[in-house]
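Everything on this sheet refers to the single structure shown next.
Side chains are part of it too, since the values below use all heavy atoms of this structure and drop only hydrogens, waters and symmetry mates. A quick note: this is a predicted structure, and the numbers were derived from the prediction, not measured.
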Amino acid sequence: MKQLVCIVVFALVTPNLIVAECDTKGLIVEKSFLQSVHDCTEYLQIPKERLGQYMANEFPPDDETKCLLFCVGVDLGWWNNTCGLQVPAIVSYFQPVQGDKQYEKRTKECLERRVGAIDSPNSCCQAYETFQCYFQEFGNLVTCPQYVRSTKLQATQAALDCLVMLRYPEKLLKVYASGKVEDSPETRCLYHCIDLRTGLYTQNGISLPRFFVRDAAYNDLRYLSKETKACRDRIRQSGCDKCSEVYNTHTECLSGLGEKGYTSGIITAAAKIALTNLCPAVALSYGGRKPSSTCSKASGTGQVYNLSYPGYKSRMSSCSRCGGRGH
């Protein structure tokens with residue numbers, strides 16, 4: 001199969017634009033197949049002379065190469081050592097040939113024939129044969145960087161970061177830690193922060209293909225349906241603030257898709273961690289110098305928390321139709 005090569009055009013831009021282009025938010029990862037091959041070659045300490053062979057799309061059936069592709073699969077999220085193939089993640093790295101209506105059927109038959117025939121639980125062998133089926137039958141290998149889903153652990157870290165950055169009080173953390181993640185201005189903005197930090201919310205709104213990849217184990221094609229897209233677009237065009245846009249999309253469009261309670265679950269887990277990380281109230285030593293009184297009027301407790309999302313209440317009437325637990 002041929003590769004679909006990305007052509008990168010470099011333009012002269014102002015320093016400010018350079019910073020904007022290079023900036024990434026939180027845990028968003030986009031990675032190309034070839035970059036992963038290069039990284040895994042280093043991880044596994046495979047001789048560098050073999051890298052040229054791999055870059056030329058030559059993957060001979062030796063043990064070294066098989067474990068390389070296992071590493072690539074784990075790195076790019078299309079192989080899970082427990083569950084095996086994660087279809088939504090691997091298909092993002094292959095582009096079917098236009099007019100080919102049999103690529104899925106051929107790939108399925110190849111997987112049954114080649115992977116199904118492996119008796120031993122050899123993950124390297126299984127990952128290698130899986131890749132070969134997609135490489136030979138599904139379509140052209142895409143070399144452009146693709147979205148790599150966050151693990152549940154990484155997503156929980158993103159939720160924890162958001163709880164800290166949004167400065168939510170201990171009282172609210174305890175509510176979340178108890179499993180109660182209910183509709184409120186704070187919850188809506190927490191959903192927005194998490195989706196933004198993990199790359200699920202972009203400048204174009206909620207990314208349904210990325211949610212499809214996030215819940216790869218479920219292979220839920222409803223994420224990509226016209227109905228889900230229409231629902232997402234309707235809410236985006238309703239005039240809601242961004243926090244309500246994200247939360248309402250979760251509750252009205254994504255409820256019942258993929259993993260149930262994914263976001264509320266990581267919020268609960270993150271809140272429990274946040275509570276264990278709270279610093280005890282201790283007297284600070286200033287070496288005989290009095291602390292500045294610049295911020296002393298802000299709070300009598302020494303902590304300052306965010307107010308409700310600006311403009312949220314003014315738009316509440318048009319954006320608050322859905323309540324209960326989120327997606």
[X] side chain vs [Y] backbone, donor-acceptor pair below 3.5 Å:
{"X": "Tyr168", "Y": "Glu186", "value": "yes"}
{"X": "Ser255", "Y": "Glu252", "value": "no"}
{"X": "Arg197", "Y": "Asp161", "value": "no"}
{"X": "Thr268", "Y": "Ser264", "value": "yes"}
{"X": "Arg114", "Y": "Glu129", "value": "no"}
{"X": "Tyr128", "Y": "Phe59", "value": "yes"}
{"X": "Thr107", "Y": "Tyr103", "value": "yes"}
{"X": "Ser150", "Y": "Ala155", "value": "no"}
{"X": "Glu259", "Y": "Ala217", "value": "no"}

ILVMFWY network linking [X] to [Y], side-chain heavy atoms under 4.5 angstrom:
{"X": "Leu166", "Y": "Val164", "value": "no"}
{"X": "Leu172", "Y": "Leu160", "value": "no"}
{"X": "Ile273", "Y": "Val181", "value": "no"}
{"X": "Tyr218", "Y": "Ile90", "value": "no"}

Inset, instruction - Return yes if a side-chain donor-acceptor contact under 3.5 Å exists between Arg50 and Thr65, otherwise no. - result: yes
Inset, instruction - Return yes if a side-chain donor-acceptor contact under 3.5 Å exists between Thr249 and Arg232, otherwise no. - result: no
Heavy-atom distance under 4.5 Å between the side chains of [X] and [Y], does that happen here?
{"X": "Val29", "Y": "Gln154", "result": "no"}
{"X": "Leu141", "Y": "Phe94", "result": "yes"}
{"X": "Val246", "Y": "Arg188", "result": "no"}
{"X": "Leu257", "Y": "Asp215", "result": "no"}
{"X": "Gln53", "Y": "Pro60", "result": "yes"}
{"X": "Phe212", "Y": "Asn219", "result": "yes"}
{"X": "Glu182", "Y": "Thr187", "result": "no"}
{"X": "Asn57", "Y": "Phe135", "result": "yes"}

Which value, rounded to the nearest 0.5 Å, describes the distance between [X] atom [atom1] and [Y] atom [atom2]?
{"X": "Tyr262", "Y": "Arg214", "atom1": "OH", "atom2": "CZ", "value": "5.5 Å"}
{"X": "Tyr93", "Y": "Ser32", "atom1": "OH", "atom2": "OG", "value": "7.5 Å"}
{"X": "Gln157", "Y": "Thr198", "atom1": "CD", "atom2": "OG1", "value": "12.5 Å"}
{"X": "Glu30", "Y": "Ser92", "atom1": "CD", "atom2": "OG", "value": "10.5 Å"}
{"X": "Leu254", "Y": "Leu208", "atom1": "CG", "atom2": "CG", "value": "6.5 Å"}
{"X": "Asp183", "Y": "Tyr247", "atom1": "CG", "atom2": "OH", "value": "4.0 Å"}

Inset, instruction - Would you indicate whether Lys272, at its atom NZ, is surrounded by more than 12 heavy atoms from other residues, nucleotides or ligands within a distance under 6.0 Å? - result: no
Inset, instruction - Tell me, yes or no, whether the heavy-atom count around Asp233 atom CG, taken from other residues, nucleotides or ligands under 6.0 Å, exceeds 12. - result: yes
Inset, instruction - Assess whether side chain to side chain contact (heavy atoms under 4.5 Å, CB included) is satisfied between Leu200 and Ile206, documenting all intermediate values. - result: CA-CA 6 Å; Leu200 297 170; Ile206 288 285; 5.6 Å; no
Legend entry - Between His250 and Phe211, ring centroids under 6.0 Å: yes
Testing the basics here: between [X] and [Y], what is the closest heavy-atom pair and its distance to 0.1 Å?
{"X": "Ala271", "Y": "Tyr176", "value": "CB-CB, 3.6 Å"}
{"X": "Gly77", "Y": "Ala89", "value": "O-CB, 3.3 Å"}
{"X": "Lys31", "Y": "Leu76", "value": "CB-CD2, 3.9 Å"}
{"X": "Cys162", "Y": "Leu190", "value": "CB-CD1, 3.6 Å"}
{"X": "Cys240", "Y": "Asn248", "value": "SG-ND2, 4.1 Å"}
{"X": "Pro47", "Y": "Glu64", "value": "CD-OE2, 3.4 Å"}

Inset, instruction - Could you check Met55 against His38 for side chain to side chain contact (heavy atoms under 4.5 Å, CB included), going step by step and ending with a plain yes or no? - result: CA-CA 8 Å; Met55 291 298 181; His38 180 274; 3.9 Å; yes
Inset, instruction - May I ask you to decide if the ring planes of Phe33 and Phe131 are parallel, tilted or perpendicular, using 30° and 60° as cut-offs? - result: parallel
Legend entry - Test applied, side-chain contact (heavy atoms from CB on, under 4.5 Å); reference residue, Cys243; option that passes from Cys189, Pro185, Cys193: Cys189
Inset, instruction - Could you walk me through whether Lys108 and Glu104 pass salt bridge (charged side-chain N to carboxylate O under 4.0 Å, His left out), step by step? - result: CA-CA 6 Å; Lys108 181 180 179 181; Glu104 288 183 312; over 6 Å; no
Inset, instruction - Apply side chain to side chain contact (heavy atoms under 4.5 Å, CB included) to the pair Arg210 and Thr202, showing each step before the final yes or no. - result: CA-CA 10 Å; Arg210 289 187 173 187; Thr202 70; 3.9 Å; yes
Inset, instruction - Any chance you could lay out the side chain to side chain contact (heavy atoms under 4.5 Å, CB included) test for Thr41 and Val37, step after step, and finish with the verdict? - result: CA-CA 6 Å; Thr41 300; Val37 168; 4.2 Å; yes
